[in-house]
Amino acid sequence: MITVRCFATVREILGCETRTLPPSSTPQLASDILRIVAGARTTDLPKPLLVAINCEHASLTSPVKDGDEIAFFPPVSGG
Amino acid sequence: MITVRCFATVREILGCETRTLPPSSTPQLASDILRIVAGARTTDLPKPLLVAINCEHASLTSPVKDGDEIAFFPPVSGG
Amino acid sequence: MIIRLQTADFDPEREAQALDVKGAGARVSFVGTVRDTAQDRRIEALEIEHYPEMTRAELARIGTAAQTTHDLLEVLIIHRYGRLQSHERIVLVTVWSAHRAGAFAGCQAIVDALKTRAPFWKKEISPEGAVWVPGQTPQDLR
Amino acid sequence: MIIRLQTADFDPEREAQALDVKGAGARVSFVGTVRDTAQDRRIEALEIEHYPEMTRAELARIGTAAQTTHDLLEVLIIHRYGRLQSHERIVLVTVWSAHRAGAFAGCQAIVDALKTRAPFWKKEISPEGAVWVPGQTPQDLR
């Protein structure tokens with residue numbers, strides 16, 4: 001199982017906060033997960049789109065494996 | 001009248017906090033005032049010796065005139 | 001190191017006093033507050049969203065890195081989330097060090113990293129509507 | 001700009017709150033405290049002497065310069081003198097700015113200038129006796 005979480009504008013555009021996906025039998029990258037959850041709406045998402053895997057900053061080319069939590073969100077504005 | 005003030009180690013070495021001197025008829029520099037108040041003990045004073053005239057940092061070559069307040073003190077250690 | 005994420009306000013001095021840091025000669029604090037204007041729009045409030053588990057992990061990484069690099073004796077980070085009115089405090093970063101140079105550099109390093117790496121997002125609420133504040137991307141991912 | 005020279009302790013947060021600074025998004029504070037050791041000697045207390053009229057004038061010049069250079073909205077400087085025990089607060093410098101970069105740079109500039117230009121002298125009291133703390137000379141007079 002892979003958990004997908006979306007924040008801020010990504011959450012608003014995809015209309016979804018948390019989603020779980022079955023593990024894949026073939027190796028997957030963050031970009032593959034994005035294709036599954038965003039589909040055609042990928043082009044509506046903020047650029048750059050930030051990715052985190054297991055609560056660490058990652059990128060769209062980072063590998064994702066069973067049990068991982070992957071998150072998509074826009075650039076951050078804390079502080 | 002010229003007011004001379006000494007602080008910290010300068011005060012301790014010269015044994016004097018405040019002193020007044022009559023105005024001079026000839027132009028005077030801070031170093032002239034120092035010679036009057038410290039005399040032979042000038043060599044015992046901290047180096048560098050700092051000088052302020054009318055509450056502004058100055059140097060031993062700054063001119064001093066009637067009505068001025070001149071101060072001698074060691075390097076500072078505030079904060 | 002103390003890291004707290006909360007909706008409630010905090011008293012910067014009381015929080016600092018609660019940590020009795022031995023050997024510290026210098027303490028530097030940063031307090032960020034909600035401004036009342038942004039690009040000439042009047043800001044009524046800020047809505048702060050975050051990714052709690054990652055925020056906590058990222059702030060711990062940021063704090064630990066600064067502690068090592070700048071020889072900090074202690075680090076305190078408090079960040080609020082939820083809806084905040086203008087002039088309210090958002091964030092507190094306080095660091096302790098033996099000397100001032102490390103304290104200033106360490107506090108600034110944490111605040112800078114927090115603003116580019118910690119997963120917070122702000123929406124500004126003004127009479128004209130709500131607008132997401134443009135964000136920042138971590139240096140190593142640009 | 002508020003400048004205070006006093007023997008009494010101060011509450012950094014209360015002092016900052018008393019100034020209601022409009023438009024400030026960032027506030028940076030420096031608090032200097034008496035350390036408990038120096039060169040392996042145990043410090044019991046510090047005796048701080050100063051030149052009151054010049055201290056006030058010099059801090060005003062330092063604060064005004066930083067305010068202009070770093071776009072500060074407000075500056076607060078409190079410095080104690082007299083006898084202070086170890087761990088007691090000595091000095092507070094708090095600055096307000098619209099943004100964090102100016103606030104950090106401005107606060108650090110004031111603290112640095114204060115340490116090299118303001119006429120304060122410290123004597124460390126330890127069980128072995130009293131020792132004057134080596135001082136600093138202003139940059140332009142070296």
Side-chain angles (χ1 to χ4, degrees), chain B residues 1-21 28-35 37-38 41-79, chain D residues 3 5 30-35 38 46-62 65 77-82 84 89-93 107-124 130-142:
Chain B
M1 196 100 99
I2 291 164
T3 305
V4 185
R5 299 180 69 174
C6 299
F7 293 94
T9 48
V10 177
R11 174 178 50 70
E12 289 182 343
I13 291 165
L14 300 184
C16 169
E17 208 167 305
T18 307
R19 199 174 145 177
T20 53
L21 299 177
Q28 281 184 308
L29 302 181
S31 56
D32 297 318
I33 306 294
L34 180 66
R35 199 170 308 119
V37 299
R41 287 165 303 174
T42 301
T43 52
D44 301 334
L45 295 179
K47 286 181 191 56
L49 180 72
L50 302 192
V51 181
I53 297 174
N54 299 329
C55 295
E56 286 204 52
H57 285 288
S59 77
L60 285 168
T61 56
S62 302
V64 180
K65 58 180 196 316
D66 187 25
D68 280 353
E69 174 170 299
I70 179 168
F72 297 105
F73 46 78
V76 305
S77 56
Chain D
I3 292 170
L5 301 166
F30 172 85
V31 176
T33 47
V34 183
R35 274 176 293 149
L46 213 56
E47 268 170 18
I48 304 181
E49 175 175 342
H50 76 135
Y51 178 4
E53 302 85 345
M54 179 172 172
T55 307
R56 194 167 287 281
E58 192 63 28
L59 292 180
R61 286 189 284 264
I62 291 168
I77 304 175
I78 301 177
H79 203 300
R80 295 174 68 191
Y81 60 92
L84 307 184
R89 285 180 274 257
I90 305 171
V91 59
L92 170 69
V93 176
C107 186
Q108 185 156 19
I110 292 172
V111 176
D112 286 349
L114 188 156
K115 292 194 176 240
T116 54
R117 301 193 71 88
F120 289 99
W121 302 276
K122 285 182 194 144
K123 207 180 234 180
E124 286 171 347
V131 179
W132 286 101
V133 177
Q136 305 203 53
T137 302
Q139 200 81 44
D140 52 329
L141 296 172
R142 274 172 212 169

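Naming: A, B, ... by sequence-line order, numbering from 1 per chain.
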Minimum heavy-atom distance B/Gly79-D/Val91, with the two atoms named: C-CG1, 3.7 Å
Under 4.5 Å from any heavy atom of chain D - which part of B/Pro48: side chain
Nearest 0.5 angstrom please: B/Glu69 CD to D/Met54 CE, how far? 10.5 Å
Does D/His79 reach the main-chain N or O of B/Gly78 with its side chain, forming a donor-acceptor pair under 3.5 Å? no
Which of the residues B/Thr9, B/Val51, B/Val76, B/Asn54 is involved in the greatest number of heavy-atom pairs with chain D at under 4.5 angstrom? B/Val76
Interface moiety of D/Ala118 toward chain B, non-hydrogen atoms closer than 4.5 Å: backbone
Would you please classify the geometry between the D/Tyr51 ring and the B/Phe73 ring as parallel, tilted or perpendicular, with 30° and 60° separating the classes? perpendicular
Between B/Glu12 and D/Lys123, does any side-chain N to carboxylate O distance fall below 4.0 Å? yes
Could you tell me which of D/Lys122, D/Arg142, D/Arg80 has the largest number of non-hydrogen atom pairs under 4.5 Å with chain B? D/Lys122
To the nearest 0.5 Å, what is the distance between CD on D/Glu124 and OG on B/Ser77? 9.0 Å
Assess the residue pair B/Arg5 and D/Glu53 against the criterion (side-chain contact (heavy atoms from CB on, under 4.5 Å)); give the C-alpha distance rounded to whole Å, side-chain angles, the decisive distance to 0.1 Å, and a yes or no. CA-CA 12 Å; B/Arg5 299 180 69 174; D/Glu53 302 85 345; 3.1 Å; yes
Engaged part of D/Leu141 at the chain B interface, taking heavy atoms whose separation is under 4.5 Å: side chain
Rounded to the nearest 0.5 Å, the CD atom of D/Glu49 sits from the CZ atom of B/Arg11 at a distance of 4.0 Å
Given the rule in the side-chain contact (heavy atoms from CB on, under 4.5 Å) test, do D/Glu58 and B/Glu56 qualify, once you have shown the distances and angles that lead to the verdict? CA-CA 7 Å; D/Glu58 192 63 28; B/Glu56 286 204 52; 5.7 Å; no
Please state whether the side chain, the backbone, both or neither of D/Arg117 comes within less than 4.5 Å of a heavy atom of chain B. both
Do you know which two heavy atoms are closest between B/Ala8 and D/Trp121, and how far apart they sit? CB-CG, 3.6 Å
Between atom CZ of D/Arg56 and atom SG of B/Cys55, what is the distance when rounded to the nearest 0.5 Å? 11.0 Å
Going by side chain to side chain contact (heavy atoms under 4.5 Å, CB included), B/Pro75 matches just one of D/Thr116, D/Thr137, D/Val133. Which one? D/Thr137
Go through the atoms of D/Thr55 and report whether side chain, backbone, both or neither lie under 4.5 Å from a heavy atom of chain B. neither
